[in-house]
Amino acid sequence: MTTISIEQAGKYDGQEVTIKGWLYNLRESGKLLFPIFRDGTGIMQGVCALKENPEAFAALKGLTQESSVIVGGKIRAEQRAPGGFEMGVSTIEVLQKVSEATPFPIQLKEHGVDFLLDHRHLWIRTPRSAAILRIRAEAIRAARNYMDEQGYTLTDAPIFTPAACEGTSTLFEVNYIDDQKAYLTQSGQLYGEALAMALGKIYTFGPTFRAEKSKTRRHLTEFWMLEPEAAYAELDDMMALAEGLVSAMVQSVVKNKSRELETLKRNIQKLENIKAPFPRISYDEAIAILHKHGNPAKFGDDIGGDEETIVSSEFDRPVMVHRYPAAIKAFYMQPDAQRPDLALAFDMLAPEGYGEIIGGSQRIHDYDLLVKRLRENNLPEESFQWYLDLRRYGSVPHAGFGLGLERTVAWICGTEHIREVIPFPRMLYRVYP
RNA sequence: UCCCCGGUAGCUCAAUGGUAGAGCGUUCGGCUGUUAACCGAAAUGUUGGAAGUUCGAAUCUUCCCCGGGGAGCCA
């Protein structure tokens with residue numbers, strides 16, 4: 001008998017098939033049982049009557065949630081069944097029955113955050129988690145496709161890095177070989193710059209680690225970041241790339257994962273609007289918007305979480321804020337030629353209060369200026385010799401950005417917290433399971 | 001690091017200083033079209049920990065532990 005995936009069940013109407021999966025739920029009604037099976041691709045209701053299949057009935061009756069089962073039967077269209085199809089169960093093999101003494105902890109009802117996170121290894125079996133993780137996969141696939149199509153080469157930055165680049169406070173220190181110290185990367189950017197000088201247009205995509213003690217719904221200590229870097233590119237080029245990338249990710253999910261979005265009850269219309277071009281406003285204009293809403297922000301202030309929400313609420317798609325005061329931005333950012341007190345940097349703020357999903361900039365390509373900035377920031381020049389080399393040997397204007405995968409996927413999915421969009425979240429005070 | 005909130009049955013929560021409860025889950029029984037099924041019954045507690053106030057503390061006080069949300073910082 002053909003083994004099918006529940007996702008494809010509609011194509012087998014009227015046929016005898018096998019499903020390999022787990023018992024998701026069981027409703028009993030006397031001599032009639034309504035098991036619900038899941039196989040990782042979806043859930044499907046089964047029906048089993050004592051009179052017709054006494055053996056299967058006996059095996060199924062009283063079976064516990066998440067017991068592993070291989071079931072055979074005929075698929076049929078049935079309006080009363082969730083999903084429109086159900087299986088008339090004729091055979092069932094129970095591979096492992098979950099003991100009544102230790103029932104599956106995740107019930108089909110609400111649970112608290114702490115409990116769910118402690119049982120993340122089981123929580124991921126729920127339809128909601130499965131939908132989110134499939135959307136994450138689709139977003140990654142779309143992002144890589146888009147970058148590849150734009151002529152960017154995927155390269156990988158190291159995860160162990162040598163000295164502290166922007167101060168040790170945000171870095172995880174690890175014991176390297178023979179008592180050497182190494183640090184987990186907090187950004188692949190500096191390596192991306194070197195790779196861009198070698199290959200022209202590159203992107204890195206991998207895990208990133210931040211030891212900051214941030215306890216918010218937007219933070220993880222381990223998260224994934226996609227970081228393009230391009231030689232001979234300037235700020236506007238990167239904003240164009242960023243909006244194209246984000247549109248591609250959102251539209252791909254809308255197109256290929258609509259069922260999952262429905263599972264999450266996500267407002268799909270809001271996502272359908274997310275198409276380039278995205279609005280671009282200067283930092284000065286952002287401050288003006290804040291004033292309009294009675295926020296006292298002034299030039300030189302950073303735009304915090306509340307401010308981001310105010311600014312982004314003016315738009316129905318992500319907004320790019322550019323040309324921030326240099327004083328509040330990183331040392332390597334290129335100053336604006338017209339206004340040297342501004343950095344050629346930009347952030348992309350997602351709608352609906354999801355905040356910053358991209359931060360990027362044009363980088364300083366002038367050797368003397370970069371040395372000056374290193375000194376102003378009291379950074380150890382000797383650690384940056386290789387980085388300075390990039391300005392000694394054929395330096396060119398270049399730019400890049402970093403896209404936070406989890407923040408982006410959390411926005412696409414409409415989840416309350418980004419911890420739901422990574423299989424095993426690593427957060428402050430939580431590294432189990 | 002700072003501010004706020006929380007910790008009671010396996011889970012989600014109630015109990016306004018006076019006998020610790022309900023729903024779900026589990027167990028037993030009933031039900032041939034259920035939709036987190038329903039109906040009946042049973043078992044299940046170191047109220048996060050320590051000390052204190054009180055005739056009496058889940059409840060009030062102090063300290064500690066654990067977790068959550070936010071600030072700062074950032075993706």
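Protein chains get the first letters and strands the later ones, always in sequence-line order, with residue 1 at the start of each. As a basis for the values below, the full set of heavy atoms in this structure was taken, side chains included, without hydrogen atoms, waters or symmetry mates.
- A:P82 comes within 4.0 angstrom of a base, heavy atoms only.
- The pair A:R136-A:E406 meets the salt-bridge criterion, since a charged nitrogen lies less than 4.0 angstrom from a carboxylate oxygen.
- Straight-line distance from the CD1 atom of A:I303 to the C1' atom of B:C73: 15 Å, rounded to whole Å.
- Nearest heavy atom pair, residue A:P425 against residue A:R120, reads CD-NE, 3.9 Å.
- Under the 4.0 Å criterion applied to side-chain N and carboxylate O atoms, A:E420 and A:R128 are assigned as salt-bridge partners.
- In this structure, of B:C11, B:G68, B:C74, it is B:G68 that holds the atom nearest to the side chain of A:L117.
- The salt bridge (charged side-chain N to carboxylate O under 4.0 Å, His left out) pairs that include a residue from residues 295-309 of chain A are A:K298-A:D301, where partners are two or more places apart or lie in different chains.
- A:T408 pairs by the side-chain hydrogen bond (donor to acceptor under 3.5 Å, both in side chains) definition with nothing, not counting sequence neighbours.
- Note on A:L403: nothing from the nucleic acid sits closer than 4.0 angstrom, heavy atoms only.
- In this structure, A:K61 places its NZ atom 10 Å from C1' of B:C31, rounding to the nearest Å.
- Listed pair A:R419 / B:G69 meets the phosphate criterion, a side-chain N or O lying under 4.0 Å from OP1 or OP2.
- As judged by a 4.0 angstrom heavy-atom cut-off over every strand, A:Q45 is placed among the base-contacting residues.
- Here A:F384 and A:F331 bring their ring centres to under 6.0 angstrom of each other.
- Of the candidates A:L344, A:L374, A:L370, A:L370 is the only one forming a side-chain contact (heavy atoms from CB on, under 4.5 Å) with A:I364.
- The aromatic ring of A:F223 stacks onto the base of B:A75, its centre lying under 5.5 Å from the centre of the six-membered base ring with the two planes under 30° apart.
- Applying the salt bridge (charged side-chain N to carboxylate O under 4.0 Å, His left out) rule to pairs touching residues 244-254 of chain A yields nothing, sequence neighbours excluded.
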Dot-bracket notation for RNA chain B, counting Watson-Crick and G-U pairs under 3.5 Å, with | for partners on another strand: (((((((..((((....[..)))).(((((.......))))).....(((((..]....))))))))))))....
Yes or no on side-chain hydrogen bond (donor to acceptor under 3.5 Å, both in side chains) for A:Q45 and A:R80, after CA distance, side-chain angles and deciding distance? CA-CA 10 Å; A:Q45 172 171 293; A:R80 288 169 291 187; over 6 Å; no
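- Looking at the side chain of A:R210, the nearest of the listed nucleotides B:A75, B:C31, B:G33 is B:A75.
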For residues 49-63 of chain A, which side-chain N or O atoms pair as donor and acceptor with protein atoms under 3.5 Å away, sequence neighbours left out?
from	atom 1	to	atom 2	distance (Å)
A:N53	ND2	A:V89	O	3.2
A:K61	NZ	A:E28	OE1	2.9

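- Using bins of under 30°, 30° to 60° and over 60° for the plane-to-plane angle, the ring pair A:F299/A:Y283 lands in the perpendicular bin.
- Judged by distance alone with a 3.5 Å cut-off, no donor-acceptor contact links the side chain of A:R218 to the base of B:A75.
- Between the side chain of A:T170 and the main chain of A:R210, no donor-acceptor pair closer than 3.5 Å is present.
- Looking at A:S252 and A:E138, their side chains do bring a donor and an acceptor atom within 3.5 Å of each other.
- Using atom C1' as the reference point in both B:G52 and B:C39, the two lie 50 Å apart (nearest Å).
- Going from the P atom of B:A41 to that of B:G23 covers 10 Å, rounded to whole Å.
- Looking at residues 420-433 of chain A, you'll see A:M427, A:Y429, A:R430 sit with a heavy atom under 4.0 Å from some atom of RNA chain B.
- Using a 4.0 Å heavy-atom distance criterion, A:H119 is classed as making no nucleic acid contact.
- A:D347 comes within 4.0 angstrom of no nucleic acid atom, judged by non-hydrogen atoms across all strands.
- Residue pairs meeting the salt bridge (charged side-chain N to carboxylate O under 4.0 Å, His left out) criterion with at least one partner in residues 277-293 of chain A, sequence neighbours excluded, are A:E243-A:R280, A:D284-A:R339, A:K292-A:E314.
- A:K215 has no side-chain polar atom (N or O) that falls below the 4.0 Å cut-off from OP1 or OP2 of B:G70.
- Across B:G48 and B:A57, the matching C1' atoms stand 16 Å from one another, rounded to whole Å.
- In this structure, the side chain of A:S90 engages the main chain of A:G72 through a donor-acceptor pair within 3.5 Å.
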5' to 3', nucleotides 20-30 of chain B under a 4.0 Å protein heavy-atom cut-off (B base, S sugar-phosphate only, - none) gives ---BBSSS---
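- Taking atom C1' in both B:U12 and B:G7, one finds a spacing of 14 Å when rounded to whole Å.
- Proximity note for A:E86 (side chain, C-beta onward) versus B:A75, B:G69, B:U34: the nearest is B:U34.
- Contact annotation for A:R76: base contact, defined as any heavy-atom pair under 4.0 Å involving a base atom.
- The closest side-chain heavy-atom distance from A:I202 to A:Y152 is not below 4.5 Å.
- Shown for residues 151-158 of chain A: no residue has heavy atoms falling under 4.0 angstrom of RNA chain B.
- Below the 3.5 angstrom threshold, one finds no donor paired with an acceptor across the side chain of A:S214 and the base of B:C74.
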Walk me through whether A:R430 and A:D118 qualify under salt bridge (Lys or Arg N to Asp or Glu O under 4.0 Å). CA-CA 9 Å; A:R430 201 181 271 284; A:D118 282 341; 2.9 Å; yes
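- If you measure from atom CG of A:L33 to atom P of B:U32, you get 11 Å, rounded to the nearest angstrom.
- By the 30° and 60° cut-offs, the orientation of the rings of A:H121 relative to A:H119 is parallel.
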Give each protein N/O atom lying under 3.5 Å from an N/O atom of nucleotides 63-65 of chain B, with the pair distance.
none

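- For the ring pair (Phe, Tyr, Trp, His ring centres under 6.0 Å) test, residues two or more places apart in sequence or in another chain that qualify with A:F205 are A:W224.
- For the pair A:K51 and A:M225, nearest-nucleotide mapping onto RNA chain B gives the more 5' position to A:K51.
- Here the separation of B:G45 from B:G17, taken at their P atoms, is 26 Å to the nearest Å.
- Nearer the 5' end of RNA chain B, as judged by each residue's closest nucleotide, is the contact made by A:L116, out of A:L116 and A:Q79.
- A donor N or O paired with an acceptor N or O is found under 3.5 Å between the base of B:C74 and the side-chain atoms of A:H219.
- When all heavy atoms of A:E66 and A:W22 are compared, the closest pair comes out as O-CD1, 3.5 Å.
- Of the P atoms belonging to B:C28 and B:C64, the separation is 48 Å, rounded to the nearest Å.
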Assign a letter to each nucleotide of nucleotides 42-48 of chain B from its 5' end: B, base within under 4.0 Å of a protein heavy atom; S, sugar-phosphate only; -, no contact. -------
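- Distance noted for atom P between B:C31 and B:U19: 41 Å (whole Å).
- A:E193 and A:Y332 are not linked by any side-chain donor-acceptor pair at a separation below 3.5 angstrom, with hydrogens and angles left out of the test.
- Side chain of A:L220, nearest nucleotide from B:A75, B:C31, B:G72: B:A75.
- Look at the C1' atom in both B:G49 and B:U8: the space between them is 15 Å, to the nearest Å.
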